[in-house]
Number of protein chains: 2
Amino acid sequence: MELTDRKKQILKVVVEDYIQTAEPVGSKAIAAEMGGSVSSATIRNELADLVDMGYLEQPHTSAGRVPSPKGYRLYVNELMERQKLSIAETEKINQSLQLKMEELDRVISQAGRAVSSFINYPAYITATGKQKMTARRFELLPVDEHSCIVVMMMGDNRVKSQLLRLQLKVDIEQMPTLVTLLNSHFTGVSTDEMNQRLMNVAEQVPPQLFLLLSQTIAYAVDVLEEASQREIVTAGANQLLKLPEFRDADKAHELMSFLSDSKESLPMPDDGPMKILIGPENVSDALKDTSVVVASYDIGDDMRGLIGVVGPTRMDYATVAARLSGFADGLTRLFGKQELPPKEDTKE
Amino acid sequence: MELTDRKKQILKVVVEDYIQTAEPVGSKAIAAEMGGSVSSATIRNELADLVDMGYLEQPHTSAGRVPSPKGYRLYVNELMERQKLSIAETEKINQSLQLKMEELDRVISQAGRAVSSFINYPAYITATGKQKMTARRFELLPVDEHSCIVVMMMGDNRVKSQLLRLQLKVDIEQMPTLVTLLNSHFTGVSTDEMNQRLMNVAEQVPPQLFLLLSQTIAYAVDVLEEASQREIVTAGANQLLKLPEFRDADKAHELMSFLSDSKESLPMPDDGPMKILIGPENVSDALKDTSVVVASYDIGDDMRGLIGVVGPTRMDYATVAARLSGFADGLTRLFGKQELPPKEDTKE
DNA sequence: TTTAGCACTCAAGGAAAGAGAGTGCTAAAC
DNA sequence: GTTTAGCACTCTCTTTCCTTGAGTGCTAAA
């Protein structure tokens with residue numbers, strides 16, 4: 001059977017109507033929406049065809065039609081009109097991204113909340129480095145006999161620091177030696193390699209310095225490993241409860257638990273600026289009845305973030321896609337503008 | 001009318017039964033649970049009295065009895081047997097607090113999740129300084145001509161640092177002057193005062209240094225203000241959906257939105273190690289039908305944290321109280337052990 | 001003061017009936 | 001061949017009514 005233009009148009013109407021009302025769409029309503037150029041009986045014939053072809057489903061014999069995942073897919077690929085954001089909306093997005101440039105994590109979690117509250121679905125957000133994070137530079141600042149501050153600059157120019165308590169007193173004069181050693185042997189290499197090298201220099205360094213050295217490396221390894229593992233933040237899960245498809249507490253609970261406990265299995269496509277996954281296209285079982293829209297944004301050169309929203313398959317794809325890519329652009333701009341000064345290597 | 005011992009015992013049975021089943025408790029069940037020493041008819045008489053006295057309520061004429069807030073209050077104050085944690089439970093709590101001592105924020109949010117998942121109710125957690133945070137020491141590390149790292153140690157010995165981009169080139173030789181200035185004029189004072197002093201020194205400092213100085217102070221003010229404002233983390237809101245009193249999506253949504261949006265109005269008592277607020281004893285409207293149990297824990301000398309759980313008035317107060325104080329103790333121990341080295345002032 | 005007995009109340013659950021939305025099919029019209 | 005009007009049919013949803021059963025309140029006796 002052929003998918004005529006009229007069939008497509010009807011499909012479009014069904015999808016858009018159903019997205020709004022969450023109620024099966026009847027032939028009469030479709031006829032009305034199409035301007036009365038054809039009668040409801042004609043529509044009925046077409047609808048029957050569309051059901052046969054798998055684009056629509058019928059909850060029961062005497063109900064209207066509901067789009068199938070295949071129907072949504074066609075809609076998203078061909079029928080949907082790409083929406084443009086209104087100036088007001090763009091304005092609002094940018095406003096909600098007027099974040100002080102603090103720590104990356106914090107910015108991200110705030111952005112996640114902003115996305116969720118603007119799109120009205122639960123959102124998740126993450127920043128992932130394309131490669132393992134390494135240290136670029138170390139510095140030790142003596143505080144007193146018992147403690148010193150370790151400062152580490154990472155590959156992405158973020159700086160982390162902490163107070164270290166010294167187990168053994170260390171002569172302040174020896175600090176520079178240690179810093180030189182740190183910067184020459186422990187920068188630009190993986191955490192495994194750092195541990196390795198620590199072992200290697202063990203004998204060349206006086207014991208009380210070695211203790212401090214290994215504390216420093218332990219700290220560095222911790223921070224680096226945490227930084228290179230993607231942290232996923234979710235926000236706005238409670239938005240689900242407003243949707244008719246999640247009025248059932250069990251369903252809502254299942255999805256919300258998934259969102260808060262098993263974030264790792266949320267879709268993380270590694271290509272393209274935006275991806276839409278409809279119902280069964282999702283791998284995770286918990287998402288089989290939901291759709292996910294994910295967009296990516298850039299953080300400097302070698303990092304990349306993802307923002308996604310999760311909603312019912314009956315999702316307003318056009319609006320969500322438009323807004324989400326608005327946010328992605330906003331974040332790209334945000335990071336491009338303020339962070340990551342020119343990347344000259346500064347190892348001495 | 002007098003509150004005889006038997007009445008109290010009956011009240012206790014009603015509360016404990018209702019806590020478990022969430023169903024109104026009938027006279028027959030109570031009689032059975034009391035060992036058959038009295039008949040259900042006698043219980044009925046007593047129940048009628050307890051209703052008159054306001055300790056119990058009757059959903060409708062022919063239903064069993066349900067504790068009123070006043071009844072819960074009496075139960076919590078007098079009747080409840082303080083539970084001790086089993087060794088296994090203590091073990092489990094300590095295990096879940098085996099957190100690497102990273103940034104305070106991160107520890108706290110992880111602890112919040114642990115609390116929630118161990119107690120099975122939504123939890124909130126916060127760390128609040130008793131006083132405004134101040135800077136204790138500054139350091140500037142030149143990176144290259146365009147940037148330097150600012151390191152600041154705060155009053156609680158936490159260290160924060162960030163890369164600053166310089167608008168104007170700064171002579172490296174001049175840095176020490178600036179550091180001395182920072183440490184002599186901008187440590188130990190409020191952020192307002194810092195801004196004030198910045199204005200005062202404006203004329204005594206060469207312009208290109210002043211720019212860097214003001215960037216540094218701006219960063220410091222940001223960090224300090226953020227550190228002294230209580231951040232409240234909530235976790236496990238989805239636990240609500242398992243409870244029969246929140247099967248209704250609207251109710252659940254209302255409370256969950258409150259928990260995620262208006263955290264500031266969660267109960268934050270400033271005295272005593274533990275506080276239990278039952279139903280209408282809560283100030284916030286959104287919590288009028290729920291109970292809150294809050295415990296406090298210590299972080300070093302001048303900071304103090306709060307963990308609370310939110311649940312239905314029908315909450316297993318004995319267990320929750322025991323577990324929560326187990327967590328509070330665990331956190332106190334955690335912070336006492338690792339953080340905050342001896343507090344000698346190290347300003348030069 | 002306690003208890004047995006009994007009539008009474010009320011929510012919850014199920015069956016039956018009616019309403020309404022929408023379909024599928026047929027036969028006529030274009 | 002396609003479109004349309006007409007009509008019987010199907011199925012859900014809502015309402016109503018009835019039944020059931022847990023639990024009470026009251027009375028009178030122990």
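Labels below follow one simple rule: chain letters A, B, ... track the order of the sequence lines, proteins then strands, and each chain is numbered from 1. This is a predicted model, so every value here is computed, not measured. We use all heavy atoms of the structure for the numbers below, so side chains are in, but hydrogens, waters and symmetry mates are not.
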> Once you round it to whole Å, what is the distance between P of dG24(C) and CG of Leu50(A)?
Replying inline: 12 Å
> With a 4.0 Å cut-off on heavy atoms, is Ser40(B) in touch with a base, just the backbone sugar-phosphate, or nothing at all?
Replying inline: nothing
>> Can you see if the side chain of Thr61(B) gets near the phosphate of dC10(C) - specifically, an N or O under 4.0 Å from OP1 or OP2?
In response: yes
> Where the side chain of Ser62(A) is concerned, which of dA5(D), dA22(D), dA21(C) is the nearest nucleotide?
Replying inline: dA21(C)
> Taking only side-chain nitrogens and oxygens of Arg65(B), does any of them come within less than 4.0 Å of OP1 or OP2 of dG25(D)?
Replying inline: yes
> When you check the phosphate oxygens OP1 and OP2 of dT3(C), does a side-chain N or O of Ser39(B) lie under 4.0 Å from one of them?
Replying inline: yes
> When you measure from the side chain of Val38(B), which nucleotide among dC10(C), dT3(C), dT4(D) comes out closest?
Replying inline: dT3(C)
> Any side-chain heavy atom of Lys8(A) within less than 4.5 Å of one from Leu3(A)?
Replying inline: yes
> Separation of Leu47(B) atom CG from dG25(D) atom P, in whole Å?
Replying inline: 8 Å
> Closest to the His60(B) side chain: dA22(D), dA11(C), dT10(D)?
Replying inline: dA11(C)
> Once you round it to whole Å, what is the distance between P of dC9(D) and CD of Gln58(A)?
Replying inline: 18 Å
> Hey, is the side chain of Ser27(B) poking within less than 4.0 Å of OP1 or OP2 on dT24(D), counting only N and O atoms?
Replying inline: yes
> Could you give the CZ-to-P distance, from Arg44(A) to dA27(C), as a whole number of Å?
Replying inline: 16 Å
> Could you state the CG-C1' distance from Asn45(B) to dG5(C), rounded to the nearest angstrom?
Replying inline: 14 Å
> For Ile43(A) and dT3(D), what is the distance between atoms CD1 and P respectively, to the nearest whole Å?
Replying inline: 10 Å
> Can you check the Lys28(B) NZ to dG21(D) P distance for me, whole Å?
Replying inline: 13 Å
> Ion pair present between Glu78(B) and Lys12(B), side-chain N to carboxylate O less than 4.0 angstrom?
Replying inline: no
> With a distance cut-off below 6.0 Å to the six-membered ring centre and an angular limit of 45° from the axis, does Lys251(B) pair with Phe246(B) as a cation-pi contact?
Replying inline: no
>> Run Arg73(B) and Glu281(B) through salt bridge (charged side-chain N to carboxylate O under 4.0 Å, His left out) and show every step you take.
In response: CA-CA 10 Å; Arg73(B) 176 45 68 196; Glu281(B) 296 170 12; 2.6 Å; yes
> Is there a Watson-Crick or G-U wobble partner for dC11(D) with both distances under 3.5 Å, and if so, which one is it?
Replying inline: dG20(C)
>> Please classify the nucleic acid contact of Ala63(A) as base, sugar-phosphate, or nothing, using heavy-atom distances under 4.0 Å.
In response: sugar-phosphate
> Once you round it to whole Å, what is the distance between P of dT2(C) and CG of Asp49(B)?
Replying inline: 11 Å
> Start at the 5' end of DNA chain C and walk down; is the nucleotide closest to Ala41(B) or to Pro59(B) reached first?
Replying inline: Ala41(B)
>> Would you say NZ of Lys7(A) has more than 12 non-hydrogen atoms from neighbouring residues, nucleotides or ligands within 6.0 angstrom?
In response: yes
> Can you tell me the Watson-Crick or wobble partner of dA28(D), both distances under 3.5 angstrom?
Replying inline: dT3(C)
